[in-house]
Amino acid sequence: MKKILLLGSGALKIGEAGEFDYSGSQALKALREEGIRSVLINPNIATVQTSEGIADKIYYLPVTPEFVEKVIEKERPDGILLSFGGQTALNCGVALHRAGVLERYGVAVLGTPVQAIIDTEDREIFSARLAEIGVKTPRSIAAASIDEALAAAATLGFPVIVRAAFTLGGLGSGFCSSMEELRVLVASAFSYSPQVLVEESLKGWKEVEYEVVRDRYDNCITVCNMENVDPLGIHTGESIVVAPSQTLSNSEYHKLRAIAIRIIRHVGIVGECNVQYALDPDSEDYRVIEVNARLSRSSALASKATGYPLAFVAAKLGLGYGLHEIKNSVTRVTTACFEPALDYVVCKIPRWDLNKFEGVSKLIGSSMKSVGEIMAIGRTFEEAIQKGIRMIGQGMHGFVCNQVRIRDVDEELVNPTDARLFALAAAFERGYPVEKIHDMTKIDRWFLQRLENIHLLKQALAAVEGEPGRALLLKAKRYGFSDFQVGRLVIRDPALSPHEKMLRARALRVSLGVLPVVKQIDTLAGEYPAMTNYLYLTYNGDEHDILHEDDRRSVIVLGSGAYRIGSSVEFDWCGVSALDTIRERGYRSVMINYNPETVSTDYDTCDRLYFDELSFERVMDIVELERPRGVILSTGGQIPNNLAMRLHGQGVPILGTSPLSIDRAEDRQKFSSMCDALGIDQPRWSELTSMDDLLAFVDRVGFPVLIRPSYVLSGAAMNVVSNREELRYFLDLAAEVSKEHPVVVSEFIEQAKEVEIDAVAREGEILAYAISEHVEFAGVHSGDATIVFPAQKLYMETIRRVKRIARDIARALAISGPFNIQFLAKDNDIKVIECNLRASRSFPFVSKVLKYNFIDLATRVMLGEEAEPLHRSIFDLDYVGVKASQFSFARLLKADPVLGVDMASTGEVGCIGENYYEAILKSMLSVGHRVPERAILISSGPARSKVELLNSTRMLLEKGYTVLATGGTARFLEENGIRVDTLYWPDEAREPNVMRYLRERKVDLVINIPKDHTPRELDNGYKIRRAAVDYNIPLITNARLASAFIYAICKVDPAEVAIKSWDEY
Amino acid sequence: MLEDGTTFEGTSFGHERSVAGEVVFYTAMTGYPESLTDPSYKGQILVPTYPMIGNYGVPVDDEEGGISKFFESDRIHCSALVISDYSARYSHWNSRCSLGDWLKQERVPGLFGIDTRALTRRLREHGAMKGKVLFDEDEIPFYDPNVDHIVASVSTRRVIEYGAGRYRVILVDCGVKNNILRCLLKRDVRVKRVPWDYDFTNEACDGIFLSNGPGDPALCEATIAHVRRMLDRDTPIMGICLGNQIMARAAGADTYKLKYGHRSHNQPVIRPGHSRCYITSQNHGFAIDEQTLPPGWEPLFVNANDGTNEGIRHVSKPFFSAQFHPEAASGPVDTEFLFDDFIAAMSGTRGTF
């Protein structure tokens, strides 16, 4: 094997996120170690794996059979790795195999054979294969009539689950515990579907997973087992998960382990796979629910939970090594053929962002909706879960001491939503006993007992008179209480702010000698000496595992925490780039982060990894131990940025731009006065002081206006409002989100271009910059917008002004490090809308398109090292980069797939093209769009969009496409001399109706531009958009983007698209 | 308190009585009921490295065919249990009481709130140490179980017969775990369990099984002498753990004390010259010195981590033994096939090797 192709997973989406950057990076590292040339296809330009020095060749191209075949044709690899890029890579690989492409080019599939993958992917084959070795899967019987269904239930025994085949969103499905219930449900199910599946119900069973590894010598190990706190029925991606299992006896643990090994042998996997079980809570009975023949989210979690580099090992096994021939990379002396022993517990908690979506169902269940996750490490479950709840980053302080209102606790316990943890806390608060909660939730009593311990300790703390003693304080810390929680419970001086109470609680415990200790994760629970740098902090211990050198060589980089809408892999790339530079410049690179899906939490990436909270408290603990040269908080997005002033207040050395400047940029008032002084224009704005003032302001500038709280990322609670009623509603919402920072209302300028500058400065002098523009007009959040770099359609004068303003701001704030400014440009009128004194989401994109690492430069500046200014001009680039957004609406049942000022995308890609349209085409195909074959449906919404789409419609017709339009659009086109077929609105019971066309998939692309907020428009528009998403028909809801895409498909022939690797540009 | 003077302070959750013993750590994450009733832990103060213990309580005490279904013997053998965090409340369908209540019934001390990782690191660096669990102002001497003949105290005092299978096996009980009995019985074996010093050399049987047990193998002179006599014959012999060491000593090899032993569920053992590696359950403080193996004997397994011997066999006769625990309980069951090999040897068919 000389050259191997690895498929990545493309843009981050719900169900396929950063974990594949981690597993792909590990696999590429393994190839490099073997001296094998690697070729990577992944359009996700913000990932670490698509950075320099990891793969030998990188193609920012869609991971689709067509493009991959072209790359194979060009590169002629000897082998291909399919299991490191999630379902995307696996599906693509299976398609290439079926089409005979791999055979034709003599490309060997390394590791698990394709047949084994197919066996595990197809439910029927899968059950049959497992039955061959006597392994149980859930029993299921198909029925075509009510009588058949009743007979099936009689065979299976109640309770049963009924699933209607061929329907969307679980229509006609449900749970039955008697013949009567079944009769009713099945009768309704048959109205949707000609067939139903009657399945045995495993409701309330425990869900347990094993990560299994096998080599070609048939050596098998299980690296980790994990137990879901939530019972079966809640997707493992939506569950709180602990590792190792907590409630399984030895015989249960090893019974399931032995079955996992039998399965991996029988299926013939070489590498890694994941086996998911349902386990009866009242016996040792079990069912195998799923086998994933690839690296998965669970395997990334297992790697981080144990310190065992699953992906790295799986890649080596794919190359033909035996497990016993690979060394344990933590101890470096013992073998990789072993099973890690943990002397701590980890707790994974999902992060949801459901508030960002209009109309979405908040119930959690069998499909995944979470956008990220965290992993917390502790030596008690209480410690781990309380840490974890804080890490999620939604303003919670732990299991208790939150101000959350649960409307209907009982309902929430039975039908959980994203707030269920807090419903549990509320239930304890109401005095519900463990047994009752167990009955309602089916969560194992053990977890509930432990959660109740937290609740009881909270009550004990709240009942303390005067100051709590050392023993109680120590117990609180051992149960994971933060200083903030303790402060809230025991410091009762009403004159103190929460932050001051926290500082008081901290001082008290320090004075009593209640301090955390640093422990190592070493894969062997201390059995062998390990040089591991993988660390966490706990109060369940008396001594540190490591000595801190106190040599001022440590530089701490704060990570970006849980992936969420608005902050994901791009900040991981920034963090990792900073660590690389720190290490290269001879300092000790120290990372604090807790996201198991990242590369920055790979202990290989830095000299010391604290897998722990990014809270003020924990960062201070670590700073006190490390006594670093400085802390970098400008590469981790908004979480570290928000700590700037508080850390500064404690005298922590912050590298780069002064926290005082950060505050000046973040605080609207201060920033605005500065802009005024510099003569920089901004949209008119006002801070909410009184409603009267505000209304006066709105009267002055006119609707629409933009509302947002200061100090937030990704437009949380940001909204454009067009009338007084909406204004009042959204003001309440914004006030909820950020209590400490005031709400700001500003003028909203329509039809303006949005321009961004990403730059690095040293002591106020700009060393490098990149100016990009959005395809969409202002009003679409910059995280959702399609971004073009270098900007292709700006006036020279606009660019000149943008540069000048950036230079003035950099000087005024004495910026040393990365920053980003967003502008509105209308004609040549430039207004500043936002300024962030940190790396922005687009840093990896512009760095890679420009082939110049902005973070490396920024880190050098912050370290006070030599840094050469970038001399290359954007005019030297004879290619174009386009960053496009990935949406995950299909996963978000009922959510309205429209874009606004609040960010909704879950990921992005960046592609490079010979010209603008080629880059647009590549990037749109990378986020799931397809070149339409025949028909395109257009409802072009407001008059302006109608005009925008006029020319593109003409082009489509010239290209021979069929254009279908809804009433108004068709009339408008007709008036402009274009004849198209009209489809009726969903609420018009007339044919040809748009809904039937969608259902029958007679449309290849839907362009639906939301018009106004009248109920009828909303309802019809929503139905079309939602149907497009549910029937998997590509959808575009922005006229500018639609027009750009249509131009691209009409001007560029996909067959002629350049297949060029990054280094060939 | 450790013999080097280090002290740790914890909270009692078991029987309150000061005890002394050898302090050992084990890194398994499950199986405390099995480990506590494992006679090999006799005289030892047990330190699980997994921090939360007691989660699933203590199983019901059912018997099947004269053997406890869920325990490895009829009582707790270790001297004390020292852990980080104790689950006072527990949850499992098969549990009858909490770990603390069980320790109290069995009059065994238990401590929680100890930095077991710090304790483990100390044991790893200094080797297994003598230690004491002290209550209040008690003063008791240190105690080293390895100089005592503790096998005698855990071995059966009388001959017991189990099952009615086809193969007649004499099980030499040096502190046998119930799962060895279970593994034999389910393979069509009739077991005659005899005391450690019982002279079985003149009894008719199809095979001899040397059990696990506590302490220094050198002290089991009577057993070693009996086995030595059998090595001239052709009756299949299998040994586990202490039984492995007895086999080696009977053959003429030496055994020695490991610094801190292997006590875990994750020990990889490799067949020399092969690419097969097995994950095994282990609990031993002594090992065979491979260099002293006499001609006619060869290593059967070697530890893939530290290279220590994990089993031996005779090159031509049906004698083999394993240092690890193929019967598991607790731990992985990947090497249970060794029992099949023993049966194969008795039936004259070919086994795995």
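Quick caveat: nothing in here was measured; it's all calculated off a predicted structure. Side chains included, hydrogens not; waters and symmetry mates left out as well; all remaining heavy atoms used.
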Full working for side-chain contact (heavy atoms from CB on, under 4.5 Å) between B:Trp93 and A:Asp280: CA-CA 10 Å; B:Trp93 59 273; A:Asp280 184 357; over 6 Å; no
Let's test your reading of the structure: which of [options] forms the most heavy-atom pairs below 4.5 Å with chain B?
options                                : value
A:Leu323, A:Thr247, A:Leu342, A:Asn540 : A:Leu342
A:Gly322, A:Pro244, A:Ser245           : A:Pro244
A:Val517, A:Leu524, A:Thr222, A:Asp522 : A:Asp522

Mind running side-chain contact (heavy atoms from CB on, under 4.5 Å) on B:Asn94 and A:Glu284 for me, showing each step along the way? CA-CA 10 Å; B:Asn94 194 33; A:Glu284 283 190 11; over 6 Å; no
For B:Arg89, is it the side chain, the backbone, both, or neither that has a heavy atom closer than 4.5 Å to a heavy atom of chain A?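 Both parts, backbone and side chain.
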Which bit of B:Phe25 is near chain A, if near means a heavy-atom gap under 4.5 Å: side chain, backbone, both or neither?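 For B:Phe25, the contact with chain A is made by the side chain alone.
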No-hydrogen, no-angle side-chain donor-acceptor test under 3.5 Å, A:Thr380 and B:Asp85: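 Checked: A:Thr380/B:Asp85 side chains show no N/O donor-acceptor pair below 3.5 Å.
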Short side-chain donor-acceptor distance under 3.5 Å, A:Arg379 and B:Thr116: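 Side-chain D/A pair, B:Thr116 to A:Arg379: present.
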Polar side-chain atom of [X] near backbone of [Y] as donor-acceptor pair, under 3.5 Å:
X        : Y        : result
B:Asn305 : A:Thr335 : yes
A:Asn250 : B:Tyr32  : no
B:Tyr260 : A:Glu527 : yes

Heavy-atom pairs under 4.5 Å with chain A - which of B:Asp306, B:Ile279, B:Thr120 has more of them than the others?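 Between B:Asp306, B:Ile279, B:Thr120, the count favours B:Ile279.
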